[in-house]
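The first residue in the sequence is number 1, and the count goes up from there. Values below: every heavy atom of this structure, side chains too, minus hydrogens, waters and symmetry copies.
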Amino acid sequence: KNLKPGRYYKYFILATAKKGSERRVIATSTMVHAITNGGTTCNYKAVKLTAYRNKVVTLKKNQLIHLKAKGVPASSKRKVKSHRALRFESTNNSVAVVGAKTGRLRAKKQGRCYVYVYAQNGQFQRIRVIVK
C-alpha cells in the first residue's frame with residue numbers, strides 16, 4: 001500500500017528465533033530491488049542463461065566453466081535501471097563453487113547441486129550441476 005509509482009524499493013526477509021526474552025536473527029533472504037510501475041524504467045521479467053540452455057551441466061572434478069546470463073526487461077520501450085549486476089550462487093559450495101559476480105564455476109567433488117543466477121528484483125534461473 002501507498003507505494004509511489006516509478007520508485008525503487010529494497011526488500012529482504014529476516015527469520016528470527018526467540019530465546020528467552022531476546023530475539024536473534026537465524027537467516028536472511030537475498031536482497032531484492034524492485035521498481036513500481038508508472039515510471040520511465042522497469043524491472044527484469046526473466047533471467048536467461050545464454051550458454052548451457054539445457055539447464056544441466058555435467059563436470060569432472062576440478063573442471064572449470066564460465067556461466068553467462070542476461071536479464072530480459074519487462075518492457076522493450078523502457079530501460080532497466082540497474083543497482084547491481086546479475087549474481088550467481090551455488091546451493092552446495094563443497095560440490096561446486098561459483099563466483100558471485102563472474103559466473104566462473106569450478107567443480108570441487110563428486111555430487112549434485114544447483115547454481116542460481118539472480119537479477120536485482122528477485123527473478124532467477126537455475127542450472128543443475130552434476131560432478132562425476
Side-chain angles (χ1 to χ4, degrees):
K1 284 186 168 183
N2 301 326
L3 299 178
K4 296 181 179 179
R7 181 171 279 182
Y8 266 97
Y9 291 92
K10 178 170 69 171
Y11 299 97
F12 66 97
I13 298 171
L14 293 175
T16 61
K18 190 172 184 180
K19 186 175 182 182
S21 63
E22 68 178 48
R23 283 200 171 278
R24 61 188 175 99
V25 176
I26 57 174
T28 60
S29 70
T30 302
M31 186 73 65
V32 174
H33 299 261
I35 191 168
T36 54
N37 290 331
T40 58
T41 57
C42 65
N43 291 310
Y44 288 117
K45 70 176 179 181
V47 175
K48 290 192 177 186
L49 290 164
T50 56
Y52 308 103
R53 292 185 185 167
N54 63 357
K55 298 180 186 161
V56 177
V57 174
T58 303
L59 303 171
K60 295 178 183 174
K61 187 177 175 182
N62 294 323
Q63 187 175 354
L64 178 74
I65 63 170
H66 288 273
L67 298 175
K68 294 181 183 176
K70 68 177 187 172
V72 179
S75 172
S76 61
K77 297 178 182 178
R78 293 188 261 162
K79 292 184 178 181
V80 175
K81 185 175 179 185
S82 183
H83 291 321
R84 67 171 194 202
L86 298 175
R87 299 285 184 177
F88 295 87
E89 186 178 301
S90 174
T91 58
N92 190 344
N93 285 328
S94 64
V95 174
V97 64
V98 64
K101 295 179 182 178
T102 62
R104 186 175 152 217
L105 176 67
R106 191 183 81 207
K108 291 180 81 174
K109 72 174 191 177
Q110 184 176 1
R112 295 171 188 224
C113 69
Y114 288 100
V115 171
Y116 288 85
V117 56
Y118 292 99
Q120 67 186 12
N121 67 328
Q123 294 294 325
F124 68 91
Q125 181 71 54
R126 77 177 185 182
I127 187 168
R128 186 174 179 193
V129 177
I130 302 169
V131 180
K132 293 188 176 191

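The backbone N or O of K70 sits nowhere less than 3.5 Å from a side-chain atom of Y44 that would complete a donor-acceptor pair.
Between V97 and K108, the shortest heavy-atom contact is CG1-CD, 4.0 Å. Heavy-atom minimum distance, V32 versus G122: CG1-N, 4.1 Å. Taking all atoms of both residues into account, the shortest heavy-atom contact from C42 to P73 is SG-CB, 4.2 Å. In terms of heavy atoms, K109 sits closest to S94 at CG-O, 3.1 Å. N43 approaches H33 most closely through the heavy-atom pair OD1-O, 4.3 Å. Across all non-hydrogen atoms, the minimal contact from A96 to C113 is CB-SG, 3.8 Å.
Considering only heavy atoms from C-beta on, I13 stays 4.5 Å or farther from Y11 through its side chain. By the 4.5 Å heavy-atom criterion applied to side chains, R87 and K101 are counted as neighbours.
The distance from the CD atom of Q120 to the OG1 atom of T30 is 13.5 Å, given to the nearest 0.5 Å. Rounded to the nearest 0.5 angstrom, K45 NZ and K48 NZ are separated by 7.5 Å. Note that CD of E22 is 11.5 Å distant from OG1 of T16, once rounded to the nearest 0.5 Å. Taken to the nearest 0.5 Å, the CE atom of M31 stands 14.0 Å off from the OH atom of Y118. Atom OG1 in T36 sits 10.5 Å away from atom NZ in K4 (nearest 0.5 Å).
Considering only residues two or more places apart in sequence or on other chains, F124 meets the ring-ring contact (aromatic ring centres under 6.0 Å, His included) condition with Y116. Residues forming a side-chain contact (heavy atoms from CB on, under 4.5 Å) with S76 (at least two apart in sequence, or on another chain): none.
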>> Run K132 and K60 through side chain to side chain contact (heavy atoms under 4.5 Å, CB included) and show every step you take.
In response: CA-CA 5 Å; K132 293 188 176 191; K60 295 178 183 174; 5.6 Å; no
> Passes side chain to side chain contact (heavy atoms under 4.5 Å, CB included), K61 versus Q110? Steps please.
Replying inline: CA-CA 7 Å; K61 187 177 175 182; Q110 184 176 1; over 6 Å; no
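Atom CZ of R78 is surrounded by more than 12 heavy atoms from other residues, nucleotides or ligands within 6.0 Å. Taking a 6.0 Å sphere around CZ of R84, one finds it holds more than 12 heavy atoms contributed by other residues, nucleotides or ligands. Applying the 6.0 Å contact sphere to CG of N93 captures more than 12 heavy atoms from other residues, nucleotides or ligands. By the neighbour-count criterion of 12 heavy atoms within 6.0 Å, atom CZ of R23 is densely surrounded, having more than that number from other residues, nucleotides or ligands.
Considering T40, V80, T41, N121 as possible partners of I35, the one that fulfils the side chain to side chain contact (heavy atoms under 4.5 Å, CB included) test is T41.
I127 shares a hydrophobic cluster with V47, L49, Y52, V57, L59, I65, L67, L86, F88, V95, V98, L105, V115, V117, V129, V131; the chain of contacts runs through ILVMFWY side chains whose heavy atoms sit under 4.5 Å apart.
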